**Q** 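Before we start, here is the structure in question, set down as structure tokens.
In what follows, every chain begins at residue 1, and chains take the letters A, B, ... in the order their sequences are listed. Every value quoted in this text rests on a predicted model; they were computed, and no experiment measured them. Heavy atoms only: backbone and side chains are in, while hydrogens, waters and symmetry mates are out.
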Amino acid sequence: MKKRLENLLHSAVSVLKANGDLAPDFDPTILLERARDAQHGDFATNLAMTLAKTARCNPRQLAEKIVAALPHDPVVAKVEIAGPGFINFFVDPKARHRIIADIHEAGHEFGKSTVGAGRKVQVEFVSANPTGPLHVGHGRGAAYGASVANLLAAAGFEVYREYYVNDAGRQMDILAASVWLRYLEECGEVLSFPSNGYRGEYVRTIAWDLHKKVGEKFRRPAAEVMADIPPDEPEGGDKEAHIDALVARVKSLLGPANYRIVFDAGLDSILDDIRQDLEEFGVHYDRWFSERSLAETGAIERALIKLQEAGYLYERDGATWFASSRLGDEKDRVVVRENGQMTYFASDIAYHLDKLERGFDQIINIWGADHHGYIPRVKAAIKALGGDPERLHVLLVQFAVLYRGEEKVQMSTRSGEFVTLRQLRNEVGKDAARFFYVMRKSDQHMDFDLKLATSRSNENPVYYVQYAHARICSVFRQLDEKGWTRDLVGGMNHLDLLTETHESALINTLSRYPEVVEQSALQHEPHHLVHYLRELAYEFHTYYNAHQFLVENAALRNARLNLIAAVRQVVYNGLSLLDVSAPESM
RNA sequence: GCGCUUGUAGCUCAGCCGGAUAGAGCAUCGGCCUUCUAAGCCGAGGGUCGCAGGUUCGAGUCCUGCCAAGCGCGCCA
């Protein structure tokens with residue numbers, strides 16, 4: 001409908017050009033908006049006002065010329081010029097009612113579009129280090145990323161969902177060391193656990209499992225483990241030096257093969273937990289991309305060679321640097337450290353080279369907002385590798401600030417003091433958590449009050465939307481109980497009986513759904529869909545209270561049933577995009 | 001100090017590419033269940049859109065400055 005009216009305006013502009021009212025080479029962008037006020041019709045455009053200056057004529061006169069030049073179309077009931085020069089369109093009721101049949105015919109497909117034109121887009125999200133369970137901060141990225149991916153798929157993109165597994169690097173070594181130290185405790189050794197180690201209970205569980213599996217095979221005397229290790233922070237030392245020395249000690253005492261077993265015990269256990277956690281959260285991936293594989297297949301070296309060949313690498317102070325400052329970054333970045341180790345950034349360059357080579361039209365990275373300083377260097381890397389940095393879209397997610405009532409909850413993965421995503425799901429449920437997370441714009445700070453979300457979950461707005469769905473299902477159950485049968489065709493033939501204000505409003509809102517999906521997808525902003533669903537639910541509830549659906553008049557009854565069936569379908573489709581269930585009864 | 005982001009009702013937040021009288025939820029107050037589920041509906045109060053300039057037919061929206069908050073500025077990840 002919107003596109004149809006836009007086309008009418010385009011032809012009107014062509015007519016004005018031919019008449020000499022507008023410069024022939026001038027190509028205006030036509031903006032047609034939904035009217036905010038029913039008095040202003042269904043759609044409005046400010047075209048006359050934006051063109052007034054170039055056309056050297058006052059907006060209202062120009063508006064009259066545009067209206068006069070509009071081709072006739074039966075869907076347009078009336079066109080009005082209002083205010084300073086708005087052109088308001090009133091759509092013919094019959095044409096408006098058509099949406100109900102459209103929704104019925106399209107079913108689950110209603111709202112999908114082809115704007116994406118099958119372009120390949122990769123969405124990488126969550127990608128939390130597998131050093132512990134996901135916490136509520138990751139939950140927001142998971143909910144947001146999954147919803148954006150769903151929306152893009154609905155908008156006709158070919159979507160690849162990917163999780164980048166940071167299964168290499170110092171943090172993972174610290175995890176392995178933590179597992180081993182807990183294992184030694186399990187064996188009966190007495191030692192002080194490093195302040196910078198992973199102290200969470202899950203590490204003990206992993207150690208316990210490991211002990212059960214391998215027995216005392218990896219046991220070494222505590223004295224041997226701790227010999228000549230620099231003191232930890234509580235003893236007046238440096239906690240980083242302490243933990244690094246411990247990691248080195250673990251590696252030397254166990255040897256590469258056994259170290260890998262301990263390392264993998266931690267990695268596999270945590271990664272399995274994360275996978276299951278996300279599955280239960282309705283978040284599915286096409287691929288789990290291993291960082292370690294980049295080193296093992298030589299992909300990192302290959303990426304560095306490409307940078308070298310492009311002339312962007314140099315040596316300084318014993319390290320290898322990437323000259324990212326020549327490509328928009330504020331300073332150059334180390335890719336190979338003085339000690340020969342690759343930095344995290346080196347892996348990331350290789351990963352993005354891989355993404356480029358896989359031929360994605362769009363690469364979407366969803367990161368925590370604290371990583372925003374990282375964007376210029378990744379864009380620089382893409383440029384240096386010969387890719388187009390415009391293809392990379394980094395979407396930032398602010399971590400939710402947790403509160404218990406008035407009290408702010410401090411979180412730290414290392415200390416093990418955090419609320420996990422699993423706890424949140426258990427307490428508020430998947431649906432409420434998914435909905436709550438994407439209610440707000442992702443790059444905004446969000447206050448997440450656990451007390452409110454857990455103890456008073458009935459107030460969560462997700463129930464409001466779900467209730468609309470359940471109520472409609474209930475109406476159809478009542479229909480059966482009354483012994484009536486729904487007459488679909490008869491209802492469609494009598495849609496003109498839907499003349500109540502509530503009905504017009506609902507029909508109008510239903511017709512907006514495809515636009516909302518498209519906008520939410522292209523702007524990567526699922527919260528628009530959430531707001532839309534709340535509005536649709538509101539309009540249904542208020543209609544429900546104002547009018548009876550199961551009336552004696554069969555024509556009216558079936559018309560209304562078709563309307564609410566359409567509402568049910570759209571609520572269902574919208575919630576599906578958020579991976580929120582649409583219950584048939586509550 | 002520099003960079004990025006944000007500042008809208010008591011609280012949490014929307015506000016489309018600059019458009020018509022700035023919205024919602026929660027909270028507060030007052031109503032509505034013998035009638036399709038009251039997890040609902042109807043109504044009321046509540047605003048210097050951080051502050052000050054600028055751009056123009058028109059600014060919550062764009063620009064500049066200031067104030068405030070968050071994040072980032074490692075051979076960490």
**Q** Within the structure, does a side-chain N or O atom of A:Tyr464 lie under 4.0 Å from either OP1 or OP2 of B:C41?
**A** yes

**Q** Pull up the glycosidic torsion of B:C42 and say syn or anti, syn being anything within 90° of 0.
**A** anti

**Q** Any side-chain N or O of A:Arg377 under 4.0 Å from OP1/OP2 of B:A77?
**A** no

**Q** Report, one pair per line, the protein and nucleotides 1-11 of chain B atoms (nitrogen or oxygen only) whose separation is under 3.5 Å.
**A**
| residue | atom | partner | partner atom | Å |
| --- | --- | --- | --- | --- |
| B:G3 | N2 | A:His372 | NE2 | 3.1 |

**Q** Look for any protein N or O under 3.5 Å of an N or O in nucleotides 28-31 of chain B and output each such pair with its distance, or none.
**A**
none

**Q** Run the salt bridge (Lys or Arg N to Asp or Glu O under 4.0 Å) test against A:Lys78 and tell me which residues pass, sequence neighbours left out.
**A**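 A:Lys78 satisfies salt bridge (Lys or Arg N to Asp or Glu O under 4.0 Å) with A:Glu80 once adjacent residues are dropped.
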
**Q** Only counting residues at least two apart or in another chain, list the ones meeting side-chain hydrogen bond (donor to acceptor under 3.5 Å, both in side chains) with A:Arg292.
**A** A:Asp264

**Q** Which of these nucleotides, B:C41, B:C75, B:A14, is closest to any side-chain atom of A:Arg440?
**A**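 The listed nucleotide nearest to A:Arg440's side chain is B:A14.
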
**Q** Please name all residues satisfying salt bridge (Lys or Arg N to Asp or Glu O under 4.0 Å) with A:Glu291, sequence neighbours left out, ordered by chain then number.
**A**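 A:Glu291: no salt bridge (Lys or Arg N to Asp or Glu O under 4.0 Å) contacts found.
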
**Q** Under the rule for side-chain hydrogen bond (donor to acceptor under 3.5 Å, both in side chains), what residues qualify as partners of A:Lys430, not counting sequence neighbours?
**A** none

**Q** Check salt bridge (Lys or Arg N to Asp or Glu O under 4.0 Å) between A:Asp173 and all other residues, then give those that pass, not counting sequence neighbours.
**A**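 With sequence neighbours excluded, A:Asp173 shows a salt bridge (Lys or Arg N to Asp or Glu O under 4.0 Å) to A:Lys251, given in chain and number order.
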
**Q** Under 4.0 Å between a side-chain N/O of A:His528 and OP1 or OP2 of B:G15, yes or no?
**A** yes

**Q** Less than 3.5 Å between a donor and an acceptor, one on the side chain of A:Asp173 and one on the base of B:A77, is that the case here?
**A**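 No such pair is found, so the answer is no.
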
**Q** By centroid distance (under 5.5 Å) and plane angle (under 30°), are A:Phe86 and B:A20 in a stacked arrangement?
**A** yes

**Q** Closest approach to the side chain of A:Gln523, judged atom by atom: which nucleotide of B:C42, B:C16, B:A77 is it?
**A**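 Nearest listed nucleotide: B:C16.
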
**Q** Write down the distance between CG (A:Leu47) and P (B:C17), rounded to a whole number of angstrom.
**A** 18 Å

**Q** May I ask you to verify if any side-chain N or O of A:Thr542 is less than 4.0 angstrom from the OP1 or OP2 atom of B:C42?
**A** yes

**Q** Which pairs, with at least one residue in residues 468-482 of chain A and sequence neighbours excluded, count as a salt bridge (charged side-chain N to carboxylate O under 4.0 Å, His left out)?
**A**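 Sorted result for residues 468-482 of chain A: empty, none.
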
**Q** B:A77, B:U12, B:G15: which one has an atom nearest the side-chain heavy atoms of A:Gln171?
**A**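 Nearest nucleotide to the side chain: B:A77.
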
**Q** Is any side-chain heavy atom of A:Phe345 closer than 4.5 Å to a side-chain heavy atom of A:Val335?
**A**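 Touching, per the 4.5 Å side-chain cut-off.
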
**Q** Please report, rounded to the nearest Å, how far the P atom of B:C76 is from the CD atom of A:Glu291.
**A** 14 Å

**Q** Can you see which heavy atom on A:Val462 is nearest to which on A:Ala432, and at what distance?
**A**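 Scanning both residues completely, I find the closest heavy atoms to be CG1-CA, 3.7 Å.
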
**Q** Would you mind writing out the side-chain donor-acceptor pairs for residues 364-371 of chain A within the sub-3.5 Å range, not counting sequence neighbours?
**A**
| residue | atom | partner | partner atom | Å |
| --- | --- | --- | --- | --- |
| A:Asn365 | OD1 | A:Lys355 | NZ | 2.7 |
| A:Asn365 | ND2 | A:His352 | NE2 | 2.8 |

**Q** Using the six-membered ring of A:Phe322, assess whether NZ or CZ of A:Arg326 lies under 6.0 Å from its centre and within 45 degrees of the ring axis.
**A**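 Judged by the rule, A:Arg326 and A:Phe322 form no cation-pi pair.
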
**Q** Tell me which pairs pass salt bridge (charged side-chain N to carboxylate O under 4.0 Å, His left out) where either residue lies in residues 534-563 of chain A, with sequence neighbours left out.
**A** A:Glu503-A:Arg560, A:Arg512-A:Glu535

**Q** OP1 or OP2 of B:G74 sitting under 4.0 Å from any side-chain N/O of A:Arg333?
**A** no

**Q** Enumerate, in order of first residue number, the stems that involve RNA chain B, defined as 3 or more consecutive Watson-Crick or G-U wobble pairs with both distances under 3.5 Å.
**A** B:1-7 with B:67-73, B:10-13 with B:23-26, B:28-32 with B:40-44, B:50-54 with B:62-66

**Q** A:Met586 has an atom CE; how far is it from atom C1' of B:A39, in whole Å?
**A** 6 Å

**Q** Output yes if the stacking criterion (under 5.5 Å between centres, under 30° between planes) is met for A:His527 over the base of B:A14, else no.
**A**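 Not stacked by the 5.5 Å and 30° rule.
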
**Q** Name all residues meeting the salt bridge (Lys or Arg N to Asp or Glu O under 4.0 Å) criterion together with A:Glu525; count only those two or more places apart in sequence or in a different chain, and write none if there are none.
**A**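 With sequence neighbours excluded, A:Glu525 shows a salt bridge (Lys or Arg N to Asp or Glu O under 4.0 Å) to no residue whatsoever.
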
**Q** In whole Å, what is the span from the CZ atom of A:Arg534 to the P atom of B:G23?
**A**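 In whole Å, B:G23 P lies 17 Å from A:Arg534 CZ.
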
